[in-house]
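To keep things clear, I will list the structure first and then write my remarks on it.
Lettering follows sequence order; numbering is per chain, from 1. What you see is a predicted model; the values in this text were computed from it and never measured.
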Amino acid sequence: MIKTENLGKSVSTSEGQLTILKGIDLEIKKSESVAIVGASGSGKTTLLSLLAGLDTPSLGKITLGDREITSLDEDQRAKVRSELVGFVFQSFQLLASLSAIENVMLPAELRGDSDAQAKAHELLDRVGLSHRMNHYPRQLSGGEQQRVAIARAFASSVEILFADEPTGNLDTTTGQHIIDLIFELNAEFGTTLVLVTHDSRLADRCERSIHIASGELVEPPGLVEAVSSLGG
Amino acid sequence: MKLISLALKLLWRDWRAGELTLLLASLVIAVGSVTTVSLFVDRLQQALLTESATFLAADKVISSDQPIDVDIVSYATSLGLRTSETLGFLSMVFSEERAQFTSVKAVDRYYPLRGKLIAGDQPFVRGAPVDEGPAPGEVWIESRLFSSLDIAPGDLLDVGAFSIPVTRVLIKEPDRGGGFSSAGPRVLMNMADVPATEVVQPGSRLTYRYLFAGDRKSLADFEAWVKPRLGLEARIFGVKEGAEGIGNALDRGERFLLLGSLLGVVLAGVAIALAAQRYSLRHYDHVAIMKTLGATPRSVDMIFITIFVTLGSTATLFGAAIGYGMQMGVAKILAPYIPIELPEPSMRPVLLGLVTGFICLLSFALPPLLKLRSIDPVRVIRRDLGDASAAGMMTYSFAVLGTLGLMWWYSQDLKLTVMIFSGAVISLVLLFGVAFLLLRSGRVLGMQAGSAWRLALAGMQRRGQENTMQILVFGLAIMLLLILYLVRTALITEWQSQIPADAPNHFAINITQEDVQPIKTLLAENGVDSQPLYPMIRGRVSSVNGESASDRDKRLQHSGREAPGSSSGRNLTWSGVLPDDNIVIAGEWWDENYLGPALVSLEKDLASRNQLKVGDELVFTIQGREVETRIASIRTVAWDNMQPNFYIIFAPGTLEDFPSTFMTSFNLKKEQKLFLNDLLKAHPTMTVIEIDALIEQVQRIISQVTLAIELVLVLIIGSGGLVLLASIQASMDERMKQHAILRTLGASRRLILGSLAIEFCALGFFAGILATVGAEITVFMLQTEIFELDYEMNHELWVLGPVAGTVLIGAVGTFATRRVVDTPPASVLRELA
């Protein structure tokens, strides 16, 4: 479903070129659930944004679905996103001026779908917020906002769901509920799931993890290293 | 359709959330203030022109030595113009006991077309307006003629061969004017009685005046048609050409009002740009989210253009309606102070306001909105991307072109447009550099001061670029207001100095040589201030550099000259001393005791109209004799200083042998008026022209123009205030966040408010200094090139500018941002998260 070849990303800074990612080769199969893990500043969010077509690499190729998106312009990447991709963000990223149901309707409206409202209603019901559908984000708690965001992510019959630290702003209990919801819907819709997380519970729920450090893919630490890192 | 529906939904939600208030307010006020000013000024200008037209008793006048072709009057009538005819001539009139030299005016029943005749039943009463002049078989005479002729109303007066009863007292005629063709006390009679007087004979010196009044377009069409058809002996003029003092005042007043409108548009544009920029910034995240959900740049365009068009249309229509209502209200409030009736407003200013609104939108608001299309979707994840980069060249191009276009359209004057625009651009470039340096200079100060100071100055350093922009915007707003204020003050001071309270308000002519000294003595004994007595001789130019003057005039007329030619008869004088308010601009003035070959000095406009220059040789025909002269100098004359002024002055030693009369001017207060009777009784052959009524009229018109100017100033101040608010609002989010965090960490309200006050006062102080520099530069250009006033540096401004900036920005800024300390930090942080 997703494939990268020698993917790299550098940015210009006042001190010169800064390499964020280097030589990333990976493959994620359809319906697979993959966690991208690494320390802060390792490049995992950058990798996610490249895979989702939100940004363009400095080197290498990305294939999403059956399309090579590296050479596409923004219009074409937007089209790919609207057809294939859903997002869940750490800070929810709902539009403050739209109600819950209107936020969920937004992707379908952008595509011109005629049944946007009905679908949105259904999804909000699915995430347990049909009684709050006319409320605005400022009237919802963090967990409720994230549920709306999840409903929005699945509104367009997506094939791939990208999630960037979806529980990062939530307490443990709420976070657990969100994790459960993501995986339930993921299984229900059969989507490929790629998420960035620090949360080991979330990583453990995925079929596999990709470890990244200093911009490169690394082998996951073995048992000995893991114990050593605990100061044993 | 879905996108449009989504756009309208977003627009409505943004409106309910208060996101659009400032942008909408800026647009409404831009359109509203432009419409109000344009409408009010349009009405006032029409009223002023109508009022000023009373000087001529018409909108346009054809004045001629001969009767004009009847087809001309027929054509005017066919265009819907009202017409009237008057005939003026000088004549002795006789009562039973006395005789008096008078200026007779015969009028038809339509006279006057503008203004009113005022008549009374006794001399020296107030009188009342009347609809028509004297009927056939009657004559009206001025008050003082009753005493000089020793008659009473009802007595007979001999005008030429016609004995006619004096039925009423002529108190005031609208077009009495100050020209010497109307010299002598006035006798007003009906045109039908002229043949009976037998005064009009071949060779008589007569002035035919044909009066025309009507709408602007018909008058313009008529003037364009008739001008090429008029002979050398005739000319057509309106109030601006026919009454220099009024014309100047009107011209300058109109230019100022225009300037005010232009600056108002620029200020409003800045407010719109700032508000649109803020609106756009606050939507960057929204656009990024929509793009992650699949919105293409084109979809983003579609959404925000829909928002923009809907907002723009609503604001523009609303603003125009408000503008219309406001000017009606203003007109009503000012009605007691405007002693003329304002004509109904036309639709043109309303259309002007609407079009201005859209052009302002396109130029100032569209570029920040269009920037949204290129927002990176990765922004939703990469918070380190920060806010948008500085506006690109396209943004500035839109604003520049839009501003230039609007200014040119308003003014129809490329020179004025380029001048203001260049002044503003130069000032801005200088201001930017200096502002940046000034901010950096704050760094040393900040380290020494107490906490509120350190906080304020540290904040200014941190937001260096934004604060530089704020100083520029504040400075620009204050600069534009200072420009208006300075120009208004200069204009009003100039007008008031032109007609000081003790300016001469009476002219005396036809004074014989023998009467010169006795009159001087009489005036002095009665405490009357007078000008020097100037000799006056009638003559005309007969040849120029060997060419016949009348042939030369014909030649020049074909090439488009529009005024009396060199060969017209004129009043000539001689003087060793350059008269007051005359300035030599070419050649040299002669020595006071000059006795060489005959020299003349010409007035500037006369010289340029007739293409005459220093060194040209003129031959004059004076009382049948030819006098050869050379042009020694060209001078400017202040025609509106109410003193004797001459187009042509001879050097001493040439005209003394010619018989001449003398003239002078003097000031008579109201309580001294009866002295005129003593003066005329003692010297019955002299003639006094009373122009006190004229001066009063000029002063009234000038006060009306001043009122209009003050109104424009007030409205523009409103626009300026809006710009300040918009600019402060633009930086609000960042301040809110910063101070919310500080308060969370324990900073007191006093510390925060104190630092805000210090920061805004400092910004205002810098802005005030820069505004003063910019204003002085721009006002120098405007006063010298556009308003034709003398420039003097405004020393008080160098204190006023910085103080005003400090107080104004400090107060407005602190007040506008006090929400920072009033809102709980948690609310702020949640709202801005």
Looking at residues at least two apart in the chain, or sitting in another chain, which of them share a ring pair (Phe, Tyr, Trp, His ring centres under 6.0 Å) with A:F189? A:F154

CG (A:L54) and OG1 (B:T292) are apart, to the nearest 0.5 Å, by 6.5 Å

For the CD atom of A:Q93 and the CD1 atom of B:I289, what is their distance to the nearest 0.5 Å? 4.5 Å

Within a strict 4.5 Å, meaning less than it, do heavy atoms of the A:D55 and B:D376 side chains meet? no

Side chain / backbone / both / neither for A:L48 at chain B, heavy atoms under 4.5 Å: side chain

Between A:L98 and B:L10, does a side chain to side chain contact (heavy atoms under 4.5 Å, CB included) hold up when you go through it step by step? CA-CA 8 Å; A:L98 298 181; B:L10 287 173; 3.8 Å; yes

With sequence neighbours excluded, residues passing side chain to side chain contact (heavy atoms under 4.5 Å, CB included) with B:S299: B:L3, B:A295, B:T296

Residue A:E216 excluded, over 12 heavy atoms near CD under 6.0 Å: yes

Kindly compute the distance separating CG (A:L106) from NZ (B:K9), expressed to the nearest 0.5 Å. 8.0 Å

Residues of residues 81-90 of chain A within contact distance of chain B, non-hydrogen under 4.5 Å: A:R81, A:S82, A:F87, A:F89

Side-chain contact, heavy-atom cut-off 4.5 Å: B:L293 with A:R152? yes

So for A:E102, is it side chain, backbone, both, or neither that comes closer than 4.5 Å to the heavy atoms of chain B? side chain

Should we say atom CD of A:Q139 is surrounded by more than 12 heavy atoms from elsewhere, each under 6.0 Å from it? yes

Can you tell me if A:H121 has over 12 outside heavy atoms packed within less than 6.0 Å of its NE2? no

Heavy-atom proximity to chain B below 4.5 Å, by part of A:Y136: side chain

Quiz: residues 303-317 of chain B side-chain donor-acceptor pairs under 3.5 angstrom, not counting sequence neighbours:
from	atom 1	to	atom 2	distance (Å)
B:T306	OG1	B:M302	O	2.7
B:T310	OG1	B:T306	O	2.7
B:S313	OG	B:V309	O	2.6
B:T314	OG1	B:T310	O	2.7
B:T316	OG1	B:G312	O	2.5

